[in-house]
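Contents: one structure, followed by commentary.
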Amino acid sequence: MPSPRRLPFTDQARPWLVGVSMWLALGCGPGGCYVPQQTSPESREPAASPGASTVEDARSGAAPRTIVAAPPGPTPMLNDEARAARLFAQRVALGDRASLLEDPEGHPFPSLAPMAGLEAQVQPAGFGSPVVAGSNLDALPGSRGTGLDGMAAAPAVNGNLLGNFILLGGGGAESLQGFHEALRRLKQGVDPDGKVRVLVYGASHTAADVYPGYLRAYLQSRFGGGGQGYVPLVRPSKFYRPTALTLESSRGWKVEHAQTREGRDDGYYGLMGASASSKAKKKKEFTRVIPVVAAPAGTTPAVAGSDGADARTTYDFYYLRQPGGGRFKLKIDGKEVATISTKAKEFAPGYQVLTRPGGPHTVEVLPQGDGEVRLFGMVVENDKPGVVVDTLGIGGTRAANQLKWKEHVWSDNLRRRAPDLVVLAYGTNESVDEDQPIEVYRKNLRDVLARIRRAAPAASCMLIGPGDFPFRAADGTFTPRPRVALIVAAQREVAAEAGCAFWDAMQFMGGELSMITWAAAQPAMANSDHLHLSRRGYVRMGMALTDALMFDYDAATVAPPVVDTGTQVASSNESAALAPGPEDSSARTLDDPPVVEPASAP
């Protein structure tokens, strides 16, 4: 594989920074620009225009070139209700003590002190004072640079400015009509069961429950809180952190899923794709789910899973019925309420429903030691109309793992959830599977979507592509990982074929090598592994994703403003394409979940 071409900092980062103020100033106004979501927009990389005016670079003295910025793209559709929900969801996802990404008007908060000298010529808007711009997430396009001479260091930019607002690709807005109609019925009080359910499948990015937690808080703020949703009764890993609930269990449980190296590869994993089994003759095992009483300021009981003292909370337990299955007892707030047998003549899904006043409650499961108890999870919902978001993420997994799940068990679980929207957020782990032809990846993805369509034919569907994940060489330099782009293209194609929406996380971050800037930003928006985002980064992802998801739903309530046809921005340098670099063998094991700092308690 050819050696990577290293570009100096002035050739990579400065053209991106010099146009930031103009980029932000070209927003479409506080209401946004209405463009129906049919296809993902083309990259907004500047293109040369020989007839436009020029500006000479004061640093390099190079011959001037002219860069013409593309017309400003659409911005989020924000009415008063949406703005209030965005602010509320930020506070829930970040915690009461953390600073927000944006103020109530949608302006990013400053982070770094203003730079001095010549650095001020390329200083992004927002340093030292709030940005006042019509656009909200249409901020920095992300950096293609890696710092001086291609090394790992990148300029520390204001992290609150990072992230692009992008429209959905794939099947676009038409793919979400069923979901949007369900929200309208819920808003009008005519939804048949009073619930709109969203299932979010994924790997470690999803398992942290930060961007799904933002989505949950946003939708529940606007449409009512229907409960916490599905949670595993035993943590798939110690990094799994469901919002508003804490999981505690004894050490004897055996967690199994399709990506584990040890354990049964029998496919009996249930809705989430992970099961937890007790030892057949051990009675001392336990697991409990504890509600988080303290909540960030401004949150409501609905977000935590109930709707006040007069509400009722329903717990729906999912488990495996099997030959030789044992019994387990259920306790709610320390009081024994039921004993369930999992013994059956054949393998099949099992369910137990309990409803109690108030809530949420502490729920405890106690195997009785008379046979194996194999648990899948528990659904927590209240009796009020609202939205429920299930976070179904397992670190290190791939979309194709779903093909190993026993379909008759999983599909029965899925139908019981009756989802209005199913989201698949995979691709990062698949980017290191270089021995797998991309045609095989594409076929597996089609098969996964076909299974979902068979189980939930009326549900809307959406794919979330992988974000930037560059190669890191031994000398500390970064180069693009070619397979990531192939996976993004395959997901976009398969989503369109299957009638699913597609959200491009790579484009959201700013393209190839943008991860370097996210990790170097202040505050940091990504971790030093250059694979996972920080909590703030995932919240920003949740904001952009949710805005795209709701774009066409809110379009009818926001008047489209007048948009300029184009604006010329001059620069003396253009970013050059980087050749693919050598494979980073150290990055091939991605089972470790992200290190996400917990939200601050009040």
Side-chain angles (χ1 to χ4, degrees), residues 228-242 245-260 262-291 305 313-356 359-381 390 392 394 405-406 408-410 412-413 416:
Q228 177 67 24
Y230 184 96
V231 292
L233 288 164
V234 178
R235 290 181 188 273
S237 75
K238 65 180 180 180
F239 295 98
Y240 180 84
R241 299 188 181 101
L245 296 171
T246 297
L247 276 63
E248 296 179 354
S249 60
S250 56
R251 295 178 178 271
W253 294 93
K254 184 176 184 179
V255 174
E256 297 169 289
H257 56 79
Q259 194 66 31
T260 53
E262 299 179 357
R264 294 165 291 188
D265 190 21
D266 58 10
Y268 292 117
Y269 306 132
L271 177 71
M272 185 176 182
S275 68
S277 303
S278 69
K279 294 182 178 179
K281 296 183 179 181
K282 194 170 183 180
K283 193 175 179 180
K284 296 182 179 180
E285 304 299 349
F286 73 89
T287 186
R288 63 176 66 99
V289 180
I290 306 169
T313 302
T314 296
Y315 302 94
D316 191 1
F317 297 88
Y318 289 43
Y319 56 90
L320 181 68
R321 300 177 67 242
Q322 60 179 330
R327 296 175 301 150
F328 64 92
K329 290 186 177 181
L330 288 174
K331 289 185 178 181
I332 294 184
D333 290 339
K335 182 179 179 180
E336 185 176 321
V337 294
T339 300
I340 294 95
S341 173
T342 68
K343 187 176 182 179
K345 292 183 179 181
E346 58 185 20
F347 292 93
Y351 307 97
Q352 179 68 39
V353 178
L354 295 173
T355 300
R356 288 294 180 272
H361 310 84
T362 296
V363 176
E364 191 169 4
V365 177
L366 302 164
Q368 295 302 290
D370 57 352
E372 181 189 54
V373 172
R374 193 165 183 180
L375 304 174
F376 297 147
M378 172 182 71
V379 173
V380 184
E381 293 187 354
D390 296 355
L392 306 172
I394 305 172
W405 303 350
K406 288 291 186 181
H408 75 281
V409 174
W410 167 80
D412 194 79
N413 286 181
R416 189 174 179 87

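Remember, predicted model here, so these are calculated numbers, not experimental data.
- The aromatic rings of F328 and Y319 sit perpendicular, their planes meeting at an angle over 60°, well past the 30° parallel limit.
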Report the C-alpha separation of F347 and H408 in whole Å, then their side-chain angles, then the decisive distance to 0.1 Å, and conclude whether the ring-ring contact (aromatic ring centres under 6.0 Å, His included) test is met. CA-CA 10 Å; F347 292 93; H408 75 281; 8.6 Å; no
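- The shortest distance between side-chain heavy atoms of T355 and T313 does not fall below 4.5 Å.
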Q.
Is there a side chain to side chain contact (heavy atoms under 4.5 Å, CB included) between Q352 and L330? Walk through the geometry before answering.
A. CA-CA 10 Å; Q352 179 68 39; L330 288 174; 4.3 Å; yes
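- Between the Q368 side chain and the L366 main chain, a donor and an acceptor come within less than 3.5 Å of each other.
- Residues E285 and S250 have side chains that bring a donor and an acceptor to within less than 3.5 angstrom of each other.
- Taking the ring axis of Y351 as reference, the NZ or CZ atom of R416 stays within 45° of it and closer than 6.0 Å to the ring centre.
- Using a 4.0 Å cut-off between a side-chain N of Lys or Arg and a carboxylate O of Asp or Glu, E364 and K331 do not qualify as a salt bridge.
- Judged by distance alone, with hydrogens and angles left aside, the side-chain atoms of T339 form no donor-acceptor pair with the main-chain N or O of K329 at under 3.5 Å.
- Defined by atom type and a distance below 3.5 Å, a donor-acceptor pair is present between the side-chain atoms of S275 and R374.
- Distance alone, capped at 3.5 Å, places no donor-acceptor pair between the Y318 side chain and the Y230 backbone.
- You'll find the side chain of L233 reaches within 4.5 Å of the side chain of V289, heavy atoms only.
- For the pair L247 and P232, the tightest heavy-atom approach, listed with the atom from each and the gap, is CD2-O, 2.9 Å.
- Side-chain atoms of Y315 and I332, non-hydrogen and from C-beta on, do get closer than 4.5 Å to each other.
- Residues M272 and I394 approach most closely at O-CD1, 3.5 Å, considering heavy atoms.
- When all heavy atoms of P242 and V231 are compared, the pair lying nearest together is CB-CG1, 4.2 Å.
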Requested in this report: Step by step, work out the ring-ring contact (aromatic ring centres under 6.0 Å, His included) result for Y269 and F376.
Outcome: CA-CA 7 Å; Y269 306 132; F376 297 147; 8.5 Å; no
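- Put simply, the side chain of W253 reaches to within 4.5 Å of the side chain of L375, judged on heavy atoms.
- Across all non-hydrogen atoms, the minimal contact from A258 to W405 is CB-NE1, 4.2 Å.
- A donor-acceptor contact shorter than 3.5 Å is absent between the side chain of D390 and the backbone of G229.
- Between the side chain of D370 and the main chain of R327, a donor-acceptor pair closer than 3.5 Å is present.
- Using a 4.5 Å heavy-atom cutoff, the side chains of E372 and Q322 are in contact.
- Here the side chains of V337 and R356 are in contact, with some heavy-atom distance below 4.5 Å.
- S277 and R264 are linked by a side-chain donor-acceptor pair at a separation below 3.5 angstrom, with hydrogens and angles left out of the test.
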- prompt: Does the pair F317 and L354 meet the rule for a side chain to side chain contact (heavy atoms under 4.5 Å, CB included), with working shown?
  reply: CA-CA 8 Å; F317 297 88; L354 295 173; 4.0 Å; yes
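- Between V363 and M378 the shortest heavy-atom distance is CG1-SD, 4.0 Å.
- Closest approach of L320 to T342, counting heavy atoms only: O-CB, 3.6 Å.
- Interatomic distance, OG1 of T362 versus CD of E248, reported as 9.0 Å (0.5 Å rounding).
- Annotation: the span from K254 atom NZ to T260 atom OG1 amounts to 8.5 Å, rounded to 0.5 Å.
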